[in-house]
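A note on names: the letters A, B, ... follow the listed sequences, proteins ahead of strands, and every chain is numbered from 1.
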Protein chains: 2
Amino acid sequence: MAYTLEQLRGFVAVAEELHFGRAAARLRMTQPPLSRQIQKLESGVGVHLLDRDNRRVSLTPAGEAFLVEARRMLAIAESAPELAQRVSSGYYGLVRLAFTSASTFGILGRLLNELESRLPEVHIELFEMVTREQVAALAAGDLDLGLARPPFDPELFESRLLHREALLLAVRDDHWLAGLDRPLVAADLIREPLIFHSQQKARYFYDLIVSMVPVDQGNVVHAVSQVMTMLSLVSAGRGVAFVPASATRIGVPHVAYLEILTPIEEPVELHLLWPRQSRNPALPRVLAALEHLMP
Amino acid sequence: MAYTLEQLRGFVAVAEELHFGRAAARLRMTQPPLSRQIQKLESGVGVHLLDRDNRRVSLTPAGEAFLVEARRMLAIAESAPELAQRVSSGYYGLVRLAFTSASTFGILGRLLNELESRLPEVHIELFEMVTREQVAALAAGDLDLGLARPPFDPELFESRLLHREALLLAVRDDHWLAGLDRPLVAADLIREPLIFHSQQKARYFYDLIVSMVPVDQGNVVHAVSQVMTMLSLVSAGRGVAFVPASATRIGVPHVAYLEILTPIEEPVELHLLWPRQSRNPALPRVLAALEHLMP
DNA sequence: ATCGACTGATACCTTTTCGGTATGGCCTAC
DNA sequence: GTAGGCCATACCGAAAAGGTATCAGTCGAT
């Protein structure tokens with residue numbers, strides 16, 4: 001190596017004091033080793049940085065130029081540990097957060113506002129993924145936190161219930177069911193064409209609805225995975241669809257949302273999900289900041 | 001000191017290889033001292049930068065952040081000596097150049113163009129100063145090079161004749177002298193009101209003209225120091241003035257320039273002037289670049 | 001001109017640090 | 001379970017750093 005940070009400190013001190021003795025005192029050392037430091041630095045850099053004619057010390061033009069660089073290096077050298085400590089404490093940081101498209105309409109905005117106001121130094125990187133993708137990315141370390149729906153493997157993941165909401169039936173506003181003045185029951189749907197969740201791509205909703213409402217799979221006319229798609233099809237009069245309550249926020253025209261009687265009042269769950277072995281120091285802070293959003 | 005550049009190199013190597021053995025090989029050393037370097041670095045920074053669980057090495061978030069800073073420091077550490085060497089060789093550099101206002105109209109532009117095309121890496125800082133101020137600033141080290149008029153102290157300064165030019169008489173274009181079809185002689189001016197150079201502020205021109213043209217000091221109506229001022233006064237019909245030939249470039253309206261017979265054909269000299277003890281490595285290169293501008 | 005004070009460089013010694021070799025502990029893979 | 005891979009530790013010799021004492025050159029006062 002050509003030179004050391006110690007030598008740079010010595011050089012900057014001498015350049016500022018223009019006096020080896022005073023510079024040495026400032027560095028809490030004696031003058032001879034400082035002289036040697038400067039000599040080694042000069043031989044390392046390959047250029048005379050200081051003119052010293054036994055009475056007066058001055059910077060050469062090369063020394064002036066090098067001084068600027070030396071100060072830059074020392075400034076970084078001083079600030080870098082503090083930066084690392086802040087990152088390590090979770091004060092600064094990056095959290096890669098995934099969400100399902102359905103949560104976009106509901107809690108995601110509130111969650112991000114909360115984080116921005118409570119942890120402005122923590123940067124949130126957003127990814128839209130279905131639950132299955134989130135689980136894989138979290139396990140692979142490509143993600144820090146997910147907004148996903150159960151079930152999860154408790155060996156690998158920790159989770160907290162973040163939000164629960166009712167299941168509603170979306171119908172066209174001129175549909176006869178929209179005229180009923182009472183919560184629906186399964187029997188009301190016995191002949192209705194159903195826009196249903198794909199068993200593969202939206203397993204959570206599929207399993208949930210099947211367990212909550214005894215529907216006739218023979219009525220299913222479309223199997224899709226996105227809530228938005230369902231609402232478009234409902235609006236087009238293709239059938240009726242089960243959607244989480246937060247879908248009402250989307251505001252698709254000519255769609256009405258009807259209550260359904262379910263064994264559990266708000267059966268649709270959204271969880272915060274993160275890998276147990278996460279080493280991201282910002283994650284605990286993020287979780288703490290989101291604590292009071294949870295029910 | 002908290003840590004050394006050597007440790008940073010070690011850390012960057014390990015961060016890039018994610019393997020102590022390979023990193024050590026890249027650094028041409030063995031693995032144990034590298035492990036110690038990293039340990040010392042971590043204790044100096046106060047934070048764990050690497051997670052190493054006996055099978056797999058990975059960066060902590062703090063390590064990621066610190067790696068960026070480490071790379072910045074090393075990049076500067078590598079480039080700084082080259083920069084200093086370029087400055088030292090005069091390849092890069094700053095030359096503080098002073099000029100008299102009169103030279104602005106003549107050679108200064110050519111000189112700067114020459115330098116810009118030949119030494120684009122040398123920055124020229126410009127100062128307008130009369131000769132006396134230039135001499136003081138050069139001696140004090142506040143200036144590297146002057147464009148000035150003799151005489152100079154050869155003990156302290158070195159100089160090269162850069163340019164010489166004729167002395168002309170500036171008159172209003174409706175002045176009767178403008179109608180003459182021959183060079184003027186002193187006798188022509190015997191009754192003309194003179195706008196003359198200040199003996200204090202423009203000593204060079206004062207002495208030069210007094211030695212070249214026997215003028216009657218009784219005819220002096222104004223004593224000023226700037227050529228521009230003289231031309232304004234001539235244009236206003238206040239009198240006639242001796243000016244260097246380059247003044248014709250200024251283009252003041254209603255001023256004509258007439259030849260004068262002088263013992264020396266082009267008596268007005270402009271010199272490059274620099275202190276003998278100058279340590280600016282760019283100065284010799286600048287002088288060399290200007291070599292062929294000289295007569 | 002001489003002397004003393006001051007400043008940076010050098011000589012020399014002691015302590016610290018650094019890199020190398022040998023080895024230990026732990027995990028993974030077969 | 002054993003072999004191989006990997007990082008950490010222990011220990012040693014060499015290099016380097018810092019300290020004290022001193023030298024050499026310069027400036028200012030007498």
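Applying the ring-ring contact (aromatic ring centres under 6.0 Å, His included) criterion to B/Phe205, with sequence neighbours excluded, gives B/His197. Remark: A/Gln85 engages no residue in a side chain to side chain donor-acceptor pair (under 3.5 Å) (not counting sequence neighbours). Residues satisfying the side chain to side chain contact (heavy atoms under 4.5 Å, CB included) test with B/Leu18, not counting sequence neighbours, are B/Val57.
If you take NE2 of B/His48 and P of D/dC7, they are 16 Å apart, rounded to a whole angstrom. The distance from atom CZ of A/Arg9 to atom C1' of D/dG18 is 17 Å, rounded to the nearest whole Å. Between the C1' atom of D/dG18 and the CG atom of A/Leu27 lies a distance of 13 Å, rounded to the nearest Å. Spacing between atom CD of B/Glu6 and atom C1' of D/dA15 amounts to 13 Å, rounded to whole angstrom units. In this structure, B/Leu34 places its CG atom 12 Å from C1' of D/dA8, rounding to the nearest Å. In this structure, the CE atom of A/Met29 is 6 Å from the P atom of D/dG19, given to the nearest Å.
Within the 4.0 Å cut-off from OP1 or OP2 of C/dG19, at least one side-chain nitrogen or oxygen of B/Gln37 is found. Look at B/Thr30 and you won't find any side-chain N or O under 4.0 angstrom from OP1 or OP2 of C/dG19. Neither OP1 nor OP2 of C/dT17 sits under 4.0 Å from any side-chain N or O of B/Lys40.
With salt bridges taken as basic N to acidic carboxylate O contacts below 4.0 Å, one links B/Arg52 and B/Glu42. At a threshold of 4.0 Å, the pair A/Glu269-A/Arg149 does not count as salt-bridged, since none of the basic side-chain nitrogens sits closer than that to a carboxylate oxygen.
One end of the helix from C/dA1-D/dT30 to C/dC30-D/dG1 points its axis 20° away from the other end's axis, with each axis taken from 5 pairs and the angle rounded to 10°.
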Run the numbers on B/Asp142 and B/Arg96 for salt bridge (Lys or Arg N to Asp or Glu O under 4.0 Å), then give the verdict. CA-CA 8 Å; B/Asp142 295 333; B/Arg96 296 158 300 176; 5.2 Å; no
Show your working on side-chain contact (heavy atoms from CB on, under 4.5 Å) between A/Lys201 and A/Val130 and close with a plain yes or no. CA-CA 8 Å; A/Lys201 295 187 185 162; A/Val130 299; over 6 Å; no
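Applying the ring-ring contact (aromatic ring centres under 6.0 Å, His included) test to residues at least two apart or on different chains, none of the pairs has a partner in residues 73-101 of chain A.
For the pair A/Thr131 (side chain) and A/Ala148 (backbone), a donor-acceptor distance under 3.5 Å is absent.
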Can you pull every protein N or O that's under 3.5 Å from an N or O on nucleotides 7-10 of chain C?
residue	atom	partner	partner atom	Å
C/dT7	OP1	A/His19	NE2	3.1
C/dT7	O5'	A/His19	NE2	3.3
C/dG8	OP1	A/Phe20	N	3.2
C/dG8	OP2	A/Phe20	N	3.2
C/dG8	OP2	A/Gly21	N	3.3
C/dA9	OP1	A/Arg52	NE	2.6
C/dA9	OP2	A/Ser35	OG	2.7
C/dA9	N7	A/Gln31	NE2	2.9
C/dA9	N6	A/Gln31	OE1	3.3
C/dT10	OP2	A/Gln39	NE2	3.3

